[in-house]
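Everything below concerns the one structure shown next.
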Amino acid sequence: MKMTREQKYRMIEQAEPGEIASLEKKVEQCHWRQAFHIQPPTGLLNDPNGFSYYQGEYHLFYQWFPLGTDHGMKYWYHLKSKDLATWNGAGIGIAPGDYFDSHGAYSGSALEHEGKLYMLYTGNARDEDWIRHPYQCMAVMDENGHITKWEHPVISNVPEGYTDHFRDPKLWKDGDSFYCVIGAQRTNLTGCAVLYRSTDLHSWEFEGELRTGLESFGYMWECPDYFELNEAGVLIFCPQGLEPSGDENHNIYQSGYVIGKPLNTGTRILEHGPFHELDRGFDFYAPQTMIDPQGRRIMVAWMGLPDIDYPTDPNGWAHCLTLPRELTLHEGKLLQRPIPELTTLRRNREDRVADTLFSESKTYEGFTGTAYELICEVDLLSAKVFGIEFRASETEKTVIKYNAVSRKLVLDRSQSGEPVATSYGVVRQCPWDKDHIKLHLFVDASSVEIFVNDGEEVFTSRIFPHPESDEIRFFADKGEALFQAVKWDFT
Ligand code: FRU
C-alpha cells in the first residue's frame with residue numbers, strides 16, 4: 001500500500017508504536033532476503049553513499065527510508081568492513097531533519113582530510129508549497145567514529161540556469177584544491193554536471209558546467225562521479241530520459257560513463273568518447289567509486305531502479321547493493337571485476353565438472369543452490385547456443401546464454417519467478433563475438449551478477465524465484481559445446 005506524503009516524510013522516531021516491530025516481522029518472513037548482499041533491515045535502500053576508507057576500515061553508507069518501501073524520508077545508514085566482503089551495520093550515519101535536510105539526507109560522497117572523514121551530501125528540503133530546495137551539506141566523522149553535521153550548508157543556492165534538481169556531490173582532491181561534481185538539470189530541462197572548487201572544504205566556488213560533448217542527453221543527470229584511471233578521465237553518471245535504441249537503454253534510467261582526456265578543471269572541458277552503459281542487466285543504478293589503500297578503483301551500485309515496484313515491497317523491505325567491483329581500463333572501456341576478497345565468502349566444499357554437451361541439457365552432482373559463486377568456461381565447437389539455466393525448477397528458470405547465430409549474450413528473466421518491471425522487457429542482451437566465454441556468476445536468494453570474460457560485460461539483476469527453484473542446468477543447442485565449471489556455496 002502506498003503511503004501518504006505525511007507518512008513518507010516521518011522521522012524514525014515518529015513511527016507508530018509497534019510499527020517497526022511489525023515491519024521486522026514481515027521482513028523476517030520474506031524468502032527473498034539475501035545471504036551475502038547488503039540489504040536494509042527494514043524499508044527501502046537506494047544509492048550507495050560516502051564510500052571510503054578511513055582509519056583502517058572501509059566505510060559505506062546507503063540511502064535508507066526505514067519505515068516503508070516508498071522513497072520517503074532518507075537517512076544515511078552506515079556500514080563498516082575490514083575486507084569489503086563482510087560488512088557490519090553501524091546504525092544511522094546521517095539523520096535528516098534540520099532546515100537544510102528537512103525532507104531527506106540525499107546522496108553524497110566522502111573524503112578523508114587531516115584525519116577526519118568529510119561527507120558532502122545533498123540536503124533535500126521542501127517548503128510549505130512543496131517546492132524543493134536542495135542544499136549541499138557537510139557532515140564530519142572524527143577518529144572516534146562520531147559524525148557531526150555542520151550547522152549550515154556549504155552551498156545554499158542553485159546557480160542561475162539550473163532547476164531544483166541539483167544534487168549528489170562527488171568529492172575529490174587535486175593538489176591543494178578540493179572539487180566536487182554535482183548532478184543538475186538546466187532550466188531548458190536537459191541534464192548536465194557542474195563543478196565546484198574549494199580550498200578548505202568550507203567555502204565553495206561555482207566554477208561552471210562540465211563541458212562535455214553531451215549537450216542534450218536526457219533531462220537530468222544523477223549521481224555523477226569523476227576520477228582518473230591510467231591517466232584517462234572517467235565521468236560516470238546516471239542520465240534520465242534516454243530513448244532505448246538497439247540493445248541499449250532499456251531500463252527506466254541509465255547508468256554509464258564516458259572516457260577521455262583528464263578533465264581540465266580550468267576550462268572544465270572533458271574531451272571524451274562515446275557513452276557506454278555500465279551494466280547489461282535489469283537492475284543497476286547510482287554507482288559510486290572510491291580509491292582504496294592499494295590504489296584500486298572500486299565501485300558499488302544500487303541493485304535497483306527508481307520508480308519501479310519490486311516484489312519484496314509487500315514484505316516491508318526493498319533493494320540491495322551490488323558486490324564491490326574493481327574498475328580497470330581496457331581498450332577505451334571499463335572492465336569490472338569482482339574483488340578477490342569475495343573468495344573469503346566461499347564455503348569449504350567445491351564442486352567441479354567438465355563435460356561436452358551435444359544438443360542436450362544436463363545437471364550435475366553438487367550443482368544446485370540458492371546462494372553461490374559459479375565460474376563456467378565454455379568453448380563453442382558447433383553449438384548454435386550454449387547457456388546455463390539457474391534458480392530453476394519445472395516451472396521457473398533464469399537463463400544466461402550465448403547465441404552464436406545472432407552473436408549475442410542474452411539474459412532472460414521471463415521465467416525467473418515473480419515478475420518485475422515487465423513493461424521494460426524481460427530480456428537484456430549485448431553483442432558478443434568470442435567463442436571462448438567465461439561466465440562468472442554470483443547468485444543470491446533474489447539476485448544474480450554475471451561477469452563475462454573477466455568483466456568485459458556485466459549483467460546485474462534482481463530475480464524473484466521460489467526458494468525451491470535451485471537447479472542448475474547446462475545446455476547446448478544444435479551442436480557441440482565443451483565446458484568446465486566450478487561452484488562454491490556461499491556463507
Ligand atoms: C538517485 C537519487 C539521487 C538522490 C537520491 C535520493 O537514485 O534520486 O539523485 O540523491 O536518490 O534518495
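Order of appearance sets the numbers: ligands from 1, and atoms from 1 within every ligand. In this chain, numbering begins with 1 at the start of the sequence shown. Keep in mind that the numbers below use all heavy atoms, side chains included, and drop hydrogens, waters and symmetry copies.
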Using every non-hydrogen atom in the two residues, find where Val194 and Ala184 come nearest and quote the distance to one decimal.
CG1-CB, 4.3 Å
For ligand 1, run through the N/O pairs with the protein that fall under 3.5 Å and put one pair on each line.
{"residue": "ligand 1", "atom": "7 (O)", "partner": "Asp47", "partner atom": "OD1", "Å": "2.7"}
{"residue": "ligand 1", "atom": "7 (O)", "partner": "Asp47", "partner atom": "OD2", "Å": "3.4"}
{"residue": "ligand 1", "atom": "8 (O)", "partner": "Glu222", "partner atom": "OE2", "Å": "2.9"}
{"residue": "ligand 1", "atom": "9 (O)", "partner": "Arg167", "partner atom": "NE", "Å": "2.7"}
{"residue": "ligand 1", "atom": "9 (O)", "partner": "Asp168", "partner atom": "OD1", "Å": "3.4"}
{"residue": "ligand 1", "atom": "9 (O)", "partner": "Asp168", "partner atom": "OD2", "Å": "2.7"}
{"residue": "ligand 1", "atom": "9 (O)", "partner": "Glu222", "partner atom": "OE2", "Å": "2.9"}
{"residue": "ligand 1", "atom": "10 (O)", "partner": "Ser107", "partner atom": "N", "Å": "3.1"}
{"residue": "ligand 1", "atom": "10 (O)", "partner": "Asp168", "partner atom": "OD1", "Å": "2.5"}
{"residue": "ligand 1", "atom": "11 (O)", "partner": "Asn46", "partner atom": "ND2", "Å": "3.2"}
{"residue": "ligand 1", "atom": "11 (O)", "partner": "Asp47", "partner atom": "OD2", "Å": "3.2"}
{"residue": "ligand 1", "atom": "12 (O)", "partner": "Asn46", "partner atom": "ND2", "Å": "3.0"}
{"residue": "ligand 1", "atom": "12 (O)", "partner": "Gln63", "partner atom": "OE1", "Å": "2.7"}
{"residue": "ligand 1", "atom": "12 (O)", "partner": "Lys74", "partner atom": "NZ", "Å": "2.9"}

Tyr9 ring centre to Arg126 NZ or CZ under 6.0 Å, with the angle to the axis within 45°?
no
Taking only residues two or more places apart in sequence, or in another chain, which ones meet His37 in a ring-ring contact (aromatic ring centres under 6.0 Å, His included)?
none
Pair listing, ring-ring contact (aromatic ring centres under 6.0 Å, His included) test, anchored in residues 248-274, at least two apart:
Tyr257-His276
Sorted by first residue and then second, give each side chain to side chain donor-acceptor pair (under 3.5 Å) pair with at least one member in residues 137-148; sequence neighbours left out.
Lys116-Glu143
Give a yes or no on whether the ring-centroid distance for Tyr196 and Trp204 is below 6.0 angstrom.
no
